[in-house]
K.L.:
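Mind looking over this structure? Questions follow.
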Amino acid sequence: DFDYNKSYVELKGSWNGIPKHTLSLRIMGGYSSGLVPLQDKFYLASSSPLEEFDNPWYRSKGTLPNDWRKKSHLYLPGGGNLRGYLNQNLSGNKLLGFNFKWEFPNPLSYIPWNIPYVSKELNSIKPDLFFDFGNVWDSKRVPKFNDFFSDAGLGLSYKIPYLDQALLENQIRFDFP
């Protein structure tokens, strides 16, 4: 058995001050002490293996191709959510980080042509720019500012119509760090 304590705090907020634009910020911190098992540590780029097991899409064999996870093409958001570090998903007993996202109107919505069914679906793709900053560590002292990791990139999200009535999750997201 493992004897450990774990605490996690997350603050999220968004601002819609500019029409059709949304600025979002997520600040998170975590602390654990004792003998923390690897599957329950804080991870830099994604959720922990224990959190993945709690998600029915990830734990059920055959639901999603396993190669997608192995090659970092698929991940469950969580932890520090530094999307550019999926291939080096570090873990630690402490976590500090933030994610910033700016959602803006889809440029395709300004194109004057209209193709039945296709235009509506293309216009429902929501683009955003993101910036992530954070670190995980095991030592007692907080790392220096230069030891923190950061990434930036473009994200595209699409809500699948009517799927939320059957499943809890109905969004596909592509991130390009």
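Note that the numbering runs from 1 along the sequence shown for the chain. Just so we're clear, the structure is a prediction, and the values are computed from it rather than from any experiment.
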K.L.:
Do F131 and I27 sit in one hydrophobic cluster, given that two such residues count as connected whenever their side-chain heavy atoms are within less than 4.5 Å of each other, even indirectly?
P.N.:
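Yes, F131 connects to I27 through the hydrophobic network.
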
K.L.:
Taking ring pair (Phe, Tyr, Trp, His ring centres under 6.0 Å) as the definition, give me every residue that meets it alongside F148, ordered by chain and number, with sequence neighbours left out.
P.N.:
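Expected list: F133.
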
K.L.:
For the side chain of N89 and the backbone of A45, is there at least one donor-acceptor N/O pair under 3.5 Å apart?
P.N.:
yes

K.L.:
Can you see which heavy atom on K41 is nearest to which on K6, and at what distance?
P.N.:
O-NZ, 4.1 Å

K.L.:
Report the distance from atom CD of Q39 to atom CD of E52, rounding to the nearest 0.5 Å.
P.N.:
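Q39 CD to E52 CD: 12.0 Å, rounded to 0.5 Å.
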
K.L.:
Got L96 and N135 here, is their nearest side-chain heavy-atom distance under 4.5 Å?
P.N.:
no

K.L.:
Counting C-beta onward and ignoring hydrogens, is there a side-chain heavy-atom pair between K126 and L156 closer than 4.5 Å?
P.N.:
no

K.L.:
To the nearest 0.5 Å, how far apart are CZ in F104 and CG in D128?
P.N.:
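Result: 7.0 Å between the selected atoms.
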
K.L.:
Clusters formed by hydrophobic residues whose side-chain heavy atoms approach within less than 4.5 Å: which one holds L90, and what are its other members?
P.N.:
Y8, M28, F42, L44, L82, Y85, L95, V136, F149

K.L.:
Within a radius of less than 6.0 Å around CG of D3, do more than 12 heavy atoms belonging to other residues, nucleotides or ligands occur?
P.N.:
no

K.L.:
What heavy-atom pair brings L38 and S91 nearest, and what distance separates the two atoms?
P.N.:
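Shortest heavy-atom contact: CD1-OG, 3.7 Å.
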
K.L.:
Look at atom CZ of F53 and say whether more than 12 heavy atoms of other residues, nucleotides or ligands are closer to it than 6.0 Å.
P.N.:
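No.
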
K.L.:
Is the centre of the W102 ring less than 6.0 Å from the centre of the F100 ring?
P.N.:
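Ring-ring flag for W102/F100: false, centres at least 6.0 Å apart.
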
K.L.:
Do you see a donor-acceptor pair shorter than 3.5 Å between the side chains of Y158 and E121?
P.N.:
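Indeed, the side chains of Y158 and E121 share at least one donor-acceptor pair under 3.5 Å.
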
K.L.:
I need the L25 CG to L11 CG distance, nearest 0.5 Å.
P.N.:
8.5 Å

K.L.:
For D175, is there an ion pair with R173 - N to carboxylate O distance below 4.0 angstrom?
P.N.:
yes

K.L.:
Please report the interatomic distance OG(S24) to CG(N99), rounded to the nearest 0.5 Å.
P.N.:
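Here the interatomic distance stands at 10.0 Å.
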
K.L.:
Grouping I, L, V, M, F, W and Y whenever their side-chain heavy atoms are under 4.5 Å apart, do I115 and L122 come out in a common cluster?
P.N.:
yes

K.L.:
Side chains of D147 and W137: does their closest heavy-atom pair fall under 4.5 Å?
P.N.:
no

K.L.:
Sequence neighbours excluded, which residues qualify as ring pair (Phe, Tyr, Trp, His ring centres under 6.0 Å) partners of F2?
P.N.:
none

K.L.:
Does a donor on one side chain and an acceptor on the other come within less than 3.5 Å for N123 and S109?
P.N.:
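No - no donor-acceptor pair under 3.5 Å links their side chains.
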
K.L.:
Check the hydrophobic clustering (I, L, V, M, F, W, Y; side-chain heavy atoms under 4.5 Å; chains of links allowed) and say if L129 and W15 are grouped together.
P.N.:
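Hydrophobic grouping puts L129 with W15.
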
K.L.:
On a heavy-atom basis, which atom in P127 and which in P107 lie closest, and how many Å separate them?
P.N.:
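Scanning both residues, the minimum pair turns out to be CG-CD, 4.1 Å.
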
K.L.:
Shared ILVMFWY cluster between I18 and L23, side chains joined below 4.5 angstrom?
P.N.:
yes

K.L.:
Can you tell me if N106 uses its side chain to pair, donor with acceptor, with the backbone of I125 under 3.5 Å?
P.N.:
yes

K.L.:
For D40 and Y4, test the side chains for any donor-to-acceptor distance below 3.5 angstrom and give the result as yes or no.
P.N.:
yes

K.L.:
Nearest 0.5 Å, what's the CD-NZ distance between E103 and K20?
P.N.:
14.0 Å

K.L.:
To the nearest 0.5 Å, what is the distance between OG (S14) and NE2 (H21)?
P.N.:
14.5 Å

K.L.:
Do any N or O atoms from the side chain of D132 and from the backbone of A152 form a donor-acceptor pair under 3.5 angstrom?
P.N.:
no

K.L.:
So, is the end of the R83 side chain (NZ or CZ) under 6.0 Å from the ring centre of F130 and within 45° of the ring's axis?
P.N.:
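Yes, R83 sits over the ring of F130.
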
